Amino acid sequence: MYRNTTCGELRLSDVNKTVTLAGWVQRIRKMGGMTFVDLRDRYGITQLAFNQEVNKDVFEQANRLGREFVVQATGVVEERYSKNSNLPTGDIEINVTELHVLNEAVTPPFTIEDESDGGDDLRMKYRYLDLRRQCVRKNLELRHKMAFEVRRYLDEQGFLEVETPVLVNSTPEGARDFVVPSRMNPGQFYALPQSPQILKQLLMVAGFDRYFQIVKCFRDEDLRADRQPEFTQIDCEMSFVEQEDILNMFEGMSRHLFKVIKGIDLPKLPRMTWADAMKYYGSDKPDTRFGMRFVELMDVLKGYGFSVFDNAAYIGGICAQGAASYTRKQLDQLTEFVKRPQIGAKGLVYARVEADGTVKSSVDKFYTQDVLQQLKAAMQAEPGDLILIICDDDEMKGRKKLCELRLEMGNQLGLRDRNKYSCLWVIDFPMYEWSDEEQRLMAMHHPFTSPKPEDIPLLDTNPAAVRANAYDMVINGVEVGGGSIRIHDAKLQQKVFEILGFTPEQAQRKFGFLMNAFKFGAPPHGGLAYGLDRFVSLFAGLDSIRDCIAFPKNNQGRDVMLGAPGIIDQEQLDELQIKVDLKD
Ligand code: ASP
């Protein structure tokens with residue numbers, strides 16, 4: 001037997017027991033006739049004590065240990081002379097009588113401590129060492145627990161977990177596909193699923209009624225902190241449901257997770273229409289941990305000779321409470337912030353409400369105090385508040401810029417507390433959005449999303465105005481999940497494809513099997529998918545989803561530990577009949 005206890009278990013009540021532990025040497029402290037070793041395993045750290053006088057051989061053995069050696073130690077649990085209240089095992093130590101080195105270790109390239117001296121790249125290259133660090137491992141423990149509780153909840157609600165294939169055809173989530181060449185079908189490729197969307201809909205046609213799967217999805221997109229080329233969805237679909245049924249079911253799932261994992265009683269989730277989210281927050285995933293809602297100021301500020309505003313298609317403001325004390329320098333920095341190319345605003349107008357209620361703005365020469373007072377009233381600003389205003393010649397673009405400014409002010413004023421959660425549903429998304437690049441309407445969610453029944457007539461007259469039965473769950477400004485009620489009528493599906501610019505032949509070629517399946521009795525159905533990585537990183541309070549993925553990829557989509565992607569042998573290429581012609 002390698003051990004009969006772990007490094008996280010022993011307490012004062014275990015004193016005098018003889019125990020055997022195994023683990024890694026975290027730290028060695030030599031103090032004259034005593035040597036102390038912190039032994040680490042997944043469960044914690046226990047101090048081993050070696051006393052020269054009591055057992056000289058073992059003491060000398062301990063002095064030859066190095067960091068990360070794998071050892072087995074047997075000894076008696078004793079009360080510590082100087083206790084460590086930071087460790088659950090900090091009241092005791094093991095007076096070691098027998099020590100076996102199970103494996104030696106070369107010195108690791110960085111310290112295996114919560115505050116490591118290793119940079120990102122180095123830690124990714126040696127991810128198995130990085131994963132030894134408790135702060136990293138605990139994110140994966142949380143991930144396990146969340147996935148487990150998701151399964152428990154959905155199982156209790158009668159959902160079946162069904163695996164769908166990974167080698168499929170292109171799926172319609174609108175990103176680029178990862179493809180896999182088929183040796184047996186030269187010149188042909190599988191695509192890895194961007195989601196199991198079509199397959200789960202077919203499972204509904206098959207009568208499975210309630211499906212879920214915790215499943216890898218693949219999208220070949222440019223990477224950001226909250227994106228990985230492969231990521232995990234909690235993918236769900238239900239039959240004989242309306243939007244309300246789905247929202248209730250998955251609000252229940254979120255409530256369950258918040259309760260059992262975070263000990264938080266989630267209040268009933270507010271719902272916000274997409275139109276309101278855009279109007280008041282400039283985003284379809286508003287961070288509602290704080291207010292600072294947009295106020296439109298076209299009526300208030302136009303027509304006074306300030307040409308920038310007079311010519312704008314949008315003027316909007318936010319009121320930063322208590323920020324009137326911002327210095328000139330801070331305001332200049334905010335202006336620089338909104339002028340960065342990523343945001344692209346032309347400038348920033350500000351107005352302070354002084355202690356006596358008067359308003360001092362950066363555009364005082366165009367506006368009388370009277371008008372500025374109207375501004376103050378519109379913004380519901382109080383003495384001590386700072387009003388920040390952005391304008392644009394495009395309404396949507398203006399709102400998006402103001403959104404960035406609002407989030408930045410939220411950061412600066414400490415309003416985006418990681419330990420506070422604000423969840424909501426965003427509903428009534430538009431069916432389509434215009435793509436400048438493609439010069440056509442594109443599905444905002446995906447082409448199987450059902451329009452709101454009352455908007456169906458608009459499909460013929462004004463498709464851009466059609467709203468969808470689509471919804472997102474948003475937590476702290478992060479879209480954690482989204483889905484829709486699906487079209488289950490082949491004719492309506494055909495029409496939606498037409499509006500998306502597919503000819504009947506193209507639609508038939510791409511999705512013929514789905515439309516065909518619908519002819520065999522498709523039940524009304526709908527569903528959604530959560531991004532597990534995002535959900536976990538929110539619960540863990542992480543900046544990047546990378547930290548809750550065991551072996552993540554870097555920003556270039558590379559696994560630097562495995563060296564993937566890599567070059568393959570000519571022989572393999574020949575077999576696949578693929579010619580690689582790399583020009584350097
Ligand atoms: N397949 C969708 C997605 O990946 C989710 C859904 O509509 O159920 O976003």
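As the structure is a prediction and not an experimental result, all values here were calculated from the model. Atoms within a ligand are numbered from 1 in the order they appear, just like the ligands themselves. Just the heavy atoms: all of them, side chains too, but no hydrogens, waters or symmetry mates, feed the values below.
Within the listing of ligand 1, atoms 5 (C), 8 (O) sit less than 4.0 angstrom from a heavy atom of Ala529. For ligand 1, the atoms closer than 4.0 angstrom to any heavy atom of Leu528 are 6 (C), 8 (O). The distance from ligand 1 to the heavy atoms of Gly483 drops below 4.0 Å at these ligand atoms: 6 (C), 7 (O). For ligand 1, the atoms lying closer than 4.0 Å to a non-hydrogen atom of Arg219 are 3 (C), 4 (O). Atoms of ligand 1 lying under 4.0 Å from at least one heavy atom of His445, given by number and element, are 6 (C), 7 (O), 9 (O). Close contacts between ligand 1 and Lys200 involve ligand atoms 6 (C), 8 (O) [criterion: under 4.0 Å to a heavy atom].
Neither the backbone nor the side chain of Gln201 comes within contact range of ligand 1; no heavy atom lies under 4.0 Å. Using a 4.0 Å cut-off between heavy atoms, Glu479 makes no contact with ligand 1 at all. The part of Ser195 lying near ligand 1 is the side chain, judged by heavy-atom distances below 4.0 Å. Contacts between Gln233 and ligand 1, counted as non-hydrogen atom pairs separated by less than 4.0 Å, involve the side chain only.
One finds a salt bridge joining Arg440 and Glu438 here, because a Lys/Arg side-chain nitrogen approaches an Asp/Glu carboxylate oxygen to under 4.0 Å. A salt bridge links Asp455 with Arg467: the closest approach of a Lys/Arg side-chain nitrogen to an acidic carboxylate oxygen falls below 4.0 angstrom. Looking at Arg143 and Asp533, a side-chain N of the basic residue comes within less than 4.0 Å of a carboxylate O on the acidic one, giving a salt bridge.
Atoms CG and CZ, on Asp245 and Phe240 in that order, are 12.0 Å from each other to the nearest 0.5 Å. A distance of 7.5 Å separates CD1 in Ile318 from CD1 in Ile390, rounded to the nearest 0.5 Å.
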Exercise. Determine, step by step, whether Asp436 and Trp434 satisfy the side chain to side chain donor-acceptor pair (under 3.5 Å) criterion, reporting the C-alpha distance in whole Å, the side-chain angles of both residues, the deciding distance to 0.1 Å, and the verdict.
Key: CA-CA 6 Å; Asp436 280 340; Trp434 177 257; 3.2 Å; yes
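The shortest N or O to N or O distance between Gln194 and ligand 1 is not under 3.5 Å. Considering both main-chain and side-chain atoms, Gln197 comes within under 3.5 Å of ligand 1 through a nitrogen or oxygen pair.
Remark: the Ser195 side chain and the Gln233 side chain contain no N/O donor-acceptor pair separated by less than 3.5 Å.
Checking each of Phe535, Tyr153, Phe212 against Tyr530 for a ring pair (Phe, Tyr, Trp, His ring centres under 6.0 Å) leaves exactly one that passes, namely Phe535.
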